[in-house]
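Okay, structure first, notes after.
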Amino acid sequence: MQNDGRAGGADDRLPAGRRRAKHGRNFVYNGAPMLRFLTAGESHGKSLVAILEGFPAGLPIDFDQITRDLRRRQGGYGRGRRMAIESDAAEIMSGVRRGRTTGAPIALVISNRDWINWHYTMTIEAEPPPEAGGARRAAVVRPRPGHADLAGALKYDHEDMRDVLERASARETAARVAVGAFTRQLLRHFDVEIVSHVTAIGDVMRDPEAVATFERLRQLPDDSPLRCVDPALEAQMITAIDRAREAGDTLGGTFEVVAHGLPPGLGSYVQWDRKLDGRLAQAMMCIPAIKAVGIGDGADAARRPGSSVHDEIVSRPDSADGLAIARPTNRAGGLEGGVTNGEDVRVTGHMKPIATLMKPLRSVDLTTLAEAPATIERSDVCAVPAAAAVGEAMVAFVLADAFIERFGGDSLAQMETHVRETALRLRRRLSRPTIAARPER
Ligand code: EPS
């Protein structure tokens, strides 16, 4: 409700910070995002579950696109046998009616096809029912270095570390991709697109100076083996993965997520928890196995002088887009002061190698406390392209949250009005000077 100036209005009784802003939505950012989601589910349990809340009403949903996003996460050279079993698809349980979001929480379920082979192991009842299928698996007692096994067992007092690894497994990221598919469709409605590519597998890496344009990345086919823009380099990456597989080893790598078409002004510099670079870093860092995150040039920026790091601002009075200023480079990755500046947002994720090694590392049997090789579970040799698809989903989520925060998001129509007004104001401000140019001093 807008404050109409009369004493005793409902808004006047709220503390200043809680009064509703002009858009009819409370813009106070108190650490709780506008948009939020939770997931549940075990890797070999019956299904994965997600609830997405705070999503605006009125967005038409392309259901096939959700499935395509899920399939992209399943692909990539170096994946294990599990991906041949699964054919991920999300069943929408609520929050969508007649093809459009209603503003209510969106609940979705992704069934695990492999569950029937794990029913006995993963049974929920105290005793497996007589019909429970699947192998009789021994308890997991030899933690894998680099996995959550040991730390999780010590934290939750688990003797069988299956109770840890089932939830810590990267299978959970399928639920994140389904959530990301919704947020990506919201952004797409406002002409924002998100793509990604793999820039390194192990020590086979692209020249860090070589920037891949959004247009080039957009052309990468969904079924490309590693989603690398350079075919010769991709062949070397494939060889590296084959070598690691033969050696019973695993490989990590690096990927970059690029968001194109964002308006300036998402996020804020005024408080630590509003800074969009910080919010993106957290969202990327919480993807399993991600050990470092970069924005724009990332860590490289620390090694060069300011003159070759910062992106100059130039005057372009006759530019075709009607905006009279431009940035010839985008080393900042579209963010300055934690705020989008209108350039492509570029976020890099660095992934460590997967912790399950077919030639296992040394570990300790936690029941005997004697040294023993770590447990071997079916796993992947390399999952960097899958992590890139998850990275796209997490970036889409954070950007959609920031979009809703800036433009007010109870309904799509309301957001459209605010987006249009803001774009007009920007155009007016940057299309012509407000005063004549000052002489140089
Ligand atoms: C994954 C499913 C898992 C693994 C992988 C990711 O399936 P399974 O354990 O049945 O082979 O392939 O998980 C891990 C690498 C891990 O360390 O947990 C998936 O759906 O992405």
Side-chain angles (χ1 to χ4, degrees), residues 1-5 9-11 14 16-30 32-35 54-61 100-103 182-194 214 259-271 274-277 279-280 313 315-327 334-345 395-435:
M1 191 184 102
Q2 222 172 314
N3 188 347
D4 58 6
D11 248 28
L14 294 171
R18 302 289 303 174
R19 279 183 204 141
R20 278 176 171 251
K22 208 164 147 208
H23 295 336
R25 190 171 170 104
N26 187 353
F27 276 86
V28 176
Y29 189 75
N30 55 10
M34 297 287 169
L35 197 61
F55 200 83
L59 184 76
I61 295 301
R100 283 173 190 267
T101 56
T102 63
F182 277 85
T183 55
R184 185 200 285 269
Q185 290 189 26
L186 177 65
L187 293 168
R188 185 77 194 84
H189 184 83
F190 294 103
D191 298 324
V192 177
E193 280 185 69
I194 297 174
F214 167 74
H260 178 78
L262 287 164
L266 303 187
S268 179
Y269 57 85
V270 303
Q271 201 60 266
R274 293 173 182 250
K275 285 178 168 259
L276 198 58
D277 40 11
R279 288 153 68 181
L280 284 165
I313 306 165
S315 175
R316 290 271 157 78
D318 305 318
S319 79
D321 65 4
L323 300 182
I325 65 169
R327 313 300 292 267
L335 286 156
E336 289 169 303
V339 183
T340 56
N341 61 10
E343 302 296 313
D344 288 354
V345 163
V395 167
F397 173 77
V398 172
L399 294 178
D401 180 35
F403 222 88
I404 294 170
E405 183 184 279
R406 177 144 165 81
F407 297 113
D410 292 329
S411 76
L412 196 66
Q414 187 186 28
M415 282 183 85
E416 282 166 352
T417 307
H418 299 152
V419 168
R420 215 171 24 241
E421 274 172 12
T422 310
L424 272 174
R425 208 166 51 238
L426 180 80
R427 195 154 292 270
R428 252 185 272 146
R429 170 136 195 222
L430 291 183
S431 59
R432 57 173 196 278
T434 43
I435 58 167

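- Between Ala400 and Leu35, the closest heavy-atom pair is CB-CD2, 3.9 Å.
- The CD1 atom of Ile61 sits 5.5 Å away from the OG1 atom of Thr101 when rounded to the nearest 0.5 Å.
- Aromatic ring pairs are classed by plane angle as parallel below 30°, tilted from 30° to 60° and perpendicular above 60°; the pair Phe214 and His260 is parallel.
- Minimum interatomic distance between Ala396 and Leu187 (heavy atoms only, all atoms of both residues): O-CD1, 3.5 Å.
- With rounding to the nearest 0.5 angstrom, the CZ atom of Arg406 is 11.5 Å from the CG atom of Leu262.
- Take Tyr269 and apply the ring-ring contact (aromatic ring centres under 6.0 Å, His included) test, not counting sequence neighbours, and it matches no residue.
- Considering CG of Asp191 and CD of Glu193, their distance stands at 8.0 Å, rounded to 0.5 Å.
- To the nearest 0.5 Å, atoms CZ (Phe55) and CD (Gln185) are separated by 7.5 Å.
- Not a single donor-acceptor pair under 3.5 Å links the side chain of Ser268 to the backbone N or O of Arg274.
- Between the side chain of Arg184 and the main chain of Ile194, a donor-acceptor pair closer than 3.5 Å is present.
- Leu280 has its side chain within reach of Leu335: a pair of non-hydrogen atoms, C-beta onward, lies under 4.5 Å apart.
- The distance from the CG atom of Leu426 to the OG1 atom of Thr422 is 9.0 Å, given to the nearest 0.5 Å.
- Minimum interatomic distance between Arg427 and Leu323 (heavy atoms only, all atoms of both residues): CA-CD2, 4.1 Å.
- Between Leu412 and Arg100 the shortest side-chain heavy-atom distance does not fall below 4.5 Å.
- Nearest heavy-atom pair, Ala326 versus Arg316, reported as atom, atom and distance to 0.1 Å: CB-NH1, 3.6 Å.
- The two residues Phe182 and Leu59 make their nearest non-hydrogen contact at O-CD2, 4.3 Å.
- Residues Thr183 and Phe403 are not in side-chain contact: their nearest non-hydrogen atoms beyond the backbone lie 4.5 Å or more apart.
- When all heavy atoms of Ala402 and Leu276 are compared, the pair lying nearest together is CB-CD1, 3.8 Å.
- The backbone N or O of Gly265 sits less than 3.5 Å from a side-chain atom of Thr340, completing a donor-acceptor pair.
- For the atom pair Ile404 CD1 and Phe407 CZ, the distance stands at 11.5 Å (nearest 0.5 Å).
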